[in-house]
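What follows is a short report on a single structure.
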Amino acid sequence: MKITKLVILFNYKKILLGVVVSILLLMLSFQLHSDVFTWLLWGLSILIVLNIIASLVASYWLYDHSDLYELNNLEDTVNWNKIENAVLIHASFDPLSMRLEEKYPHLKLTVCDIYGNRHEHESGIEVSKKTFPPNPKEIKIAVETLPFEDESQDVILAVTALHEVLDHQKRVLFFKEAKRVLKKGGLIVVSEQFRDTTNFIFFNIGAFHFLSWKQWKNAIAPSGLKITENKKITPFANMLIIKK
């Protein structure tokens with residue numbers, strides 16, 4: 001429940017607004033003398049509450065009850081025992097790097113926080129950093145200029161991070177840079193929620209914050225990298241395996 005609690009913390013204003021609107025609709029329904037409008041307001045009120053509950057259940061399923069931050073489903077794709085250098089990219093929220101370092105102590109892992117992402121100045125970020133302390137070796141990066149030598153990295157991991165790169169051209173430049181720094185046969189693993197029907201149902205307009213499958217393909221294609229796999233982690237998130 002750790003991450004779901006943080007989701008509530010970051011979105012509590014939206015949740016409270018939804019609850020208040022739901023209550024106001026119920027109060028208004030008692031003032032009307034039309035059965036049709038009364039039932040309509042009741043329906044809207046219930047729908048708002050159900051949507052809040054559904055988004056929280058989906059968040060728990062995605063963040064706390066899945067493999068999203070465990071990466072066990074990568075064992076058939078990545079031979080961690082043969083990996084020397086890896087990059088982990090996050091957006092001011094890092095529940096993964098410490099686990100990787102504990103699990104694979106031989107791994108030379110560089111942890112990168114995307115500079116200027118939307119979470120940097122949010123009020124809840126200090127609480128999240130107490131829950132998941134930043135890696136002491138963490139560095140800040142601009143995604144369009146990765147600070148690594150050519151063909152120096154085996155794997156680049158970006159878990160729920162790259163959707164924070166809001167500019168399409170910067171996403172294109174990131175994948176070009178990723179290709180430059182990856183060794184031959186190297187992999188990029190991108191785990192993200194997509195802007196799709198399932199996320200619209202459970203997260204409503206919040207789904208607009210994510211990218212569509214078409215947008216991901218358009219960002220990756222100019223680099224010449226190949227998407228070898230697009231698989232579901234949960235109904236709400238996909239994992240892209242991208243190969244040089």
Side-chain angles (χ1 to χ4, degrees), residues 1 3-19 21-22 25 39-74 77 89-91 93 95-96 114 117-119 122 157-172 174-175 188-222 225-242:
M1 286 290 291
I3 301 178
T4 306
K5 289 178 181 177
L6 292 176
V7 170
I8 295 171
L9 175 65
F10 279 107
N11 294 281
Y12 76 94
K13 291 181 180 179
K14 296 177 184 177
I15 294 171
L16 285 177
L17 177 61
V19 171
V21 170
S22 179
L25 289 174
W39 283 109
L40 179 61
L41 292 178
W42 268 83
L44 287 173
S45 176
I46 292 170
L47 189 62
I48 290 170
V49 173
L50 287 177
N51 185 254
I52 292 171
I53 294 171
S55 66
L56 294 178
V57 170
S59 295
Y60 172 73
W61 189 348
L62 173 61
Y63 296 115
D64 290 301
H65 194 63
S66 77
D67 192 56
L68 182 66
Y69 291 114
E70 297 294 337
L71 302 182
N72 292 322
N73 58 3
L74 272 180
T77 306
I89 296 174
H90 69 83
F93 177 67
L96 183 55
I114 298 174
N117 74 80
R118 73 184 176 109
H119 292 309
E122 288 187 352
L157 301 169
V159 181
T160 63
L162 292 181
H163 69 276
E164 296 295 348
V165 182
L166 303 181
D167 182 77
H168 171 72
Q169 192 55 39
K170 285 187 177 182
R171 291 194 294 269
V172 170
F174 165 77
F175 286 107
I188 308 171
V189 179
V190 176
S191 296
E192 289 283 358
Q193 287 176 262
F194 280 13
R195 187 187 299 173
D196 58 19
T197 302
T198 302
N199 279 300
F200 271 117
I201 291 171
F202 282 84
F203 295 97
N204 207 269
I205 60 173
F208 281 108
H209 183 61
F210 307 116
L211 304 180
S212 67
W213 171 226
K214 182 178 179 180
Q215 287 175 304
W216 282 112
K217 288 191 292 184
N218 288 342
I220 296 165
L225 294 164
K226 183 179 180 181
I227 302 172
T228 60
E229 194 171 0
N230 175 12
K231 58 183 177 181
K232 282 285 186 183
I233 305 171
T234 73
F236 317 104
N238 291 51
M239 176 181 284
L240 301 180
I241 308 297
I242 307 161

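Note that the numbering runs from 1 along the sequence shown for the chain. Everything quoted here is computed from the prediction, not taken from an experiment.
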* Structure fact -> With sequence neighbours left out, the residues meeting side chain to side chain contact (heavy atoms under 4.5 Å, CB included) with L50 are I46
* **Any pair counted as side-chain hydrogen bond (donor to acceptor under 3.5 Å, both in side chains), so long as it reaches residues 44-61, sequence neighbours left out** => S22-S45
* Structure fact -> Note: I48 and G18 closest approach over all heavy atoms is CG2-O, 3.3 Å
* If you round to the nearest 0.5 Å, how far is CG of L166 from NE2 of H209? -> 6.5 Å
* Minimum-distance pair of heavy atoms, taken over all atoms of A161 and H90 -> CB-CA, 3.6 Å
* Structure fact -> Separation between CD (E192) and CG (L162), nearest 0.5 Å, reads 6.0 Å
* **Full working for side chain to side chain contact (heavy atoms under 4.5 Å, CB included) between L240 and I220** => CA-CA 11 Å; L240 301 180; I220 296 165; 4.2 Å; yes
* If a pair satisfies salt bridge (charged side-chain N to carboxylate O under 4.0 Å, His left out) and one of its residues is in residues 193-211, list it, with sequence neighbours excluded. => D196-K232
* Whether F208 and F200 hold their rings parallel, tilted or perpendicular, with breakpoints at 30° and 60° -> perpendicular
* **Neighbour count >12 (heavy atoms, 6.0 Å) for atom CH2, W213** => yes
* Asked: Considering all heavy atoms of both residues, which atom of Y69 and which atom of V159 are nearest to each other, and what is their separation?
  -> CE2-CG1, 3.5 Å
* Start with the C-alpha gap between Y63 and L6, add the side-chain angles, then the distance that decides, and say whether side chain to side chain contact (heavy atoms under 4.5 Å, CB included) holds. => CA-CA 10 Å; Y63 296 115; L6 292 176; over 6 Å; no
* To do: Check whether any side-chain heavy atom of T160 sits under 4.5 Å from a side-chain heavy atom of Q193, and report yes or no.
  => no
* To do: Taking side chain to side chain contact (heavy atoms under 4.5 Å, CB included) as the test, write out the residues that go with L16, two or more places apart.
  => Y12
* Asked: In chain order, what residues pass the ring-ring contact (aromatic ring centres under 6.0 Å, His included) check against F210, with sequence neighbours excluded?
  -> H163
* Quick one: side chain to side chain contact (heavy atoms under 4.5 Å, CB included) partners of I53, sequence neighbours excluded? -> V49, V57
* Asked: Are more than 12 heavy atoms from other residues, nucleotides or ligands located less than 6.0 Å from atom NZ of K214?
  -> no
* Asked: Among all residues two or more places apart in sequence or in another chain, which pass the side-chain hydrogen bond (donor to acceptor under 3.5 Å, both in side chains) test with E70?
  -> R99
* For F202, check ring-ring contact (aromatic ring centres under 6.0 Å, His included) against everything at least two apart and list the hits. => F236
* For side chain to side chain contact (heavy atoms under 4.5 Å, CB included), just list the numbers for F174 and V165, CA-CA rounded to whole Å, side-chain angles, deciding distance to a tenth of an Å, and then say yes or no. => CA-CA 9 Å; F174 165 77; V165 182; over 6 Å; no
* Asked: CD1 of I8 to CD1 of I3: how many Å apart, nearest 0.5 Å?
  -> 12.5 Å
* **Gap separating the CD atom of E229 from the OG1 atom of T77, nearest 0.5 angstrom** => 5.5 Å
* To do: Sort and list the pairs that fulfil salt bridge (charged side-chain N to carboxylate O under 4.0 Å, His left out) and have at least one residue in residues 40-60, not counting sequence neighbours.
  => none
* Rounded to the nearest 0.5 Å, how far does CG of N230 lie from NZ of K217? -> 9.0 Å
* Partner of I241 under side-chain contact (heavy atoms from CB on, under 4.5 Å), chosen from I188, L74, I227 -> L74
* **Neighbour count >12 (heavy atoms, 6.0 Å) for atom NE2, H168** => yes
* Asked: With D64, which residues qualify under side-chain hydrogen bond (donor to acceptor under 3.5 Å, both in side chains), at least two apart?
  -> T4
* Evaluate the side-chain proximity of W216 to N238: yes if any heavy-atom separation is below 4.5 Å, no if none is. => no
* Asked: So do the side chains of I233 and L62 get within less than 4.5 Å of each other, counting heavy atoms only?
  -> no
* Heavy-atom closest pair, residues T198 and P235 -> CG2-O, 3.5 Å
* So how far is it from M239 CE to L68 CG, rounded to the nearest 0.5 Å? -> 7.5 Å
* Kindly indicate whether the side chain of L157, heavy atoms from C-beta on, has any atom under 4.5 Å from the side chain of L71. => yes
* Residues which pass side chain to side chain contact (heavy atoms under 4.5 Å, CB included) with K5, listed by chain and number, not counting sequence neighbours -> M1
* Under the salt bridge (charged side-chain N to carboxylate O under 4.0 Å, His left out) test, which residues partner D67, sequence neighbours left out? -> none
